[in-house]
Amino acid sequence: SLVQSCWAGKGTSWETAREAGMGYWLRSHTELKKVVEAIAQAAYLKDKEPADCSLWYIVLDKRRALAALYKRKDDPASLRLAEFLNRDPS
């Protein structure tokens, strides 16, 4: 696909997506969500730091997935943040 060819050789990142202008030509909501999720996963896997991918998971409305990543850190501040993210905001 066109998205995959944009990632080729450059890696999955916000910088690559911005450079390719994906926000201008990606019209499918489903495809856009896949791109944002790929960016979030790549951001986390780079340093295994949940803070690096937090914005992306919040945008995707995946608070529980983000909470699970914070739970893995196993420090008191991260555990409190995981508890907060698991609460129902309604």
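Just the heavy atoms: all of them, side chains too, but no hydrogens, waters or symmetry mates, feed the values below.
- One finds the OG atom of Ser28 at 7.5 Å from the NZ atom of Lys34 (value rounded to the nearest 0.5 Å).
- A salt bridge is defined here as a Lys NZ or Arg NE, NH1 or NH2 lying under 4.0 Å from an Asp or Glu carboxylate O, and Glu15 with Lys10 fails to meet this definition.
- Residues Gln41 and Tyr44 have side chains not in contact (no heavy-atom distance under 4.5 Å, counting atoms from C-beta outward).
- Nearest heavy atoms, Trp56 versus Val36: CE3-CG1, 3.8 Å.
- Between Leu26 atom CG and Lys33 atom NZ the span is 14.0 Å, to the nearest 0.5 Å.
- Residues Leu85 and Tyr70 meet the side-chain proximity criterion, which asks for heavy atoms closer than 4.5 Å.
- To the nearest 0.5 Å, atoms OG1 (Thr12) and CD (Glu37) are separated by 12.0 Å.
- Formation of a donor-acceptor pair under 3.5 Å by the Trp25 side chain with backbone atoms of Ala20 is found in this model.
- Side-chain atoms of Asp47 never come within 3.5 Å of backbone atoms of Glu49 as a donor-acceptor pair (strictly under, hydrogens ignored).
- By the 4.5 Å heavy-atom criterion applied to side chains, Leu66 and Ser54 are counted as neighbours.
- Linking ILVMFWY residues whenever their side-chain heavy atoms come closer than 4.5 Å, directly or via other members, leaves Tyr24 and Leu2 in distinct clusters.
- Contact annotation: the side chain of Met22 approaches that of Val3 to within less than 4.5 Å [non-hydrogen atoms, C-beta and beyond].
- Leu55 and Leu81 fall into different hydrophobic clusters, where Ile, Leu, Val, Met, Phe, Trp and Tyr are joined by side-chain heavy atoms under 4.5 Å apart, directly or via other members.
- Contact check for Tyr57 versus Pro50: no side-chain heavy atoms found under the 4.5 Å cut-off.
- A donor-acceptor pair is defined here as one N or O able to donate and one able to accept, closer than 3.5 Å; no such pair exists between the side chain of Arg63 and the backbone of Leu60.
- Between the side chain of Thr16 and the backbone N or O of Gly11 there is at least one donor-acceptor pair closer than 3.5 Å.
- Taking CG from Leu45 and SG from Cys53, the interatomic distance works out to 8.5 Å, rounded to the nearest 0.5 Å.
- Within the 4.5 Å cutoff, the side chain of Asn86 has heavy atoms near those of the Lys71 side chain.
- Hydrophobic clustering places Phe84 together with Ile58 (ILVMFWY residues linked when any side-chain heavy atoms are closer than 4.5 Å, directly or through intermediates).
- The 12-atom threshold is not exceeded at CZ of Arg72, counting heavy atoms of other residues, nucleotides or ligands nearer than 6.0 Å.
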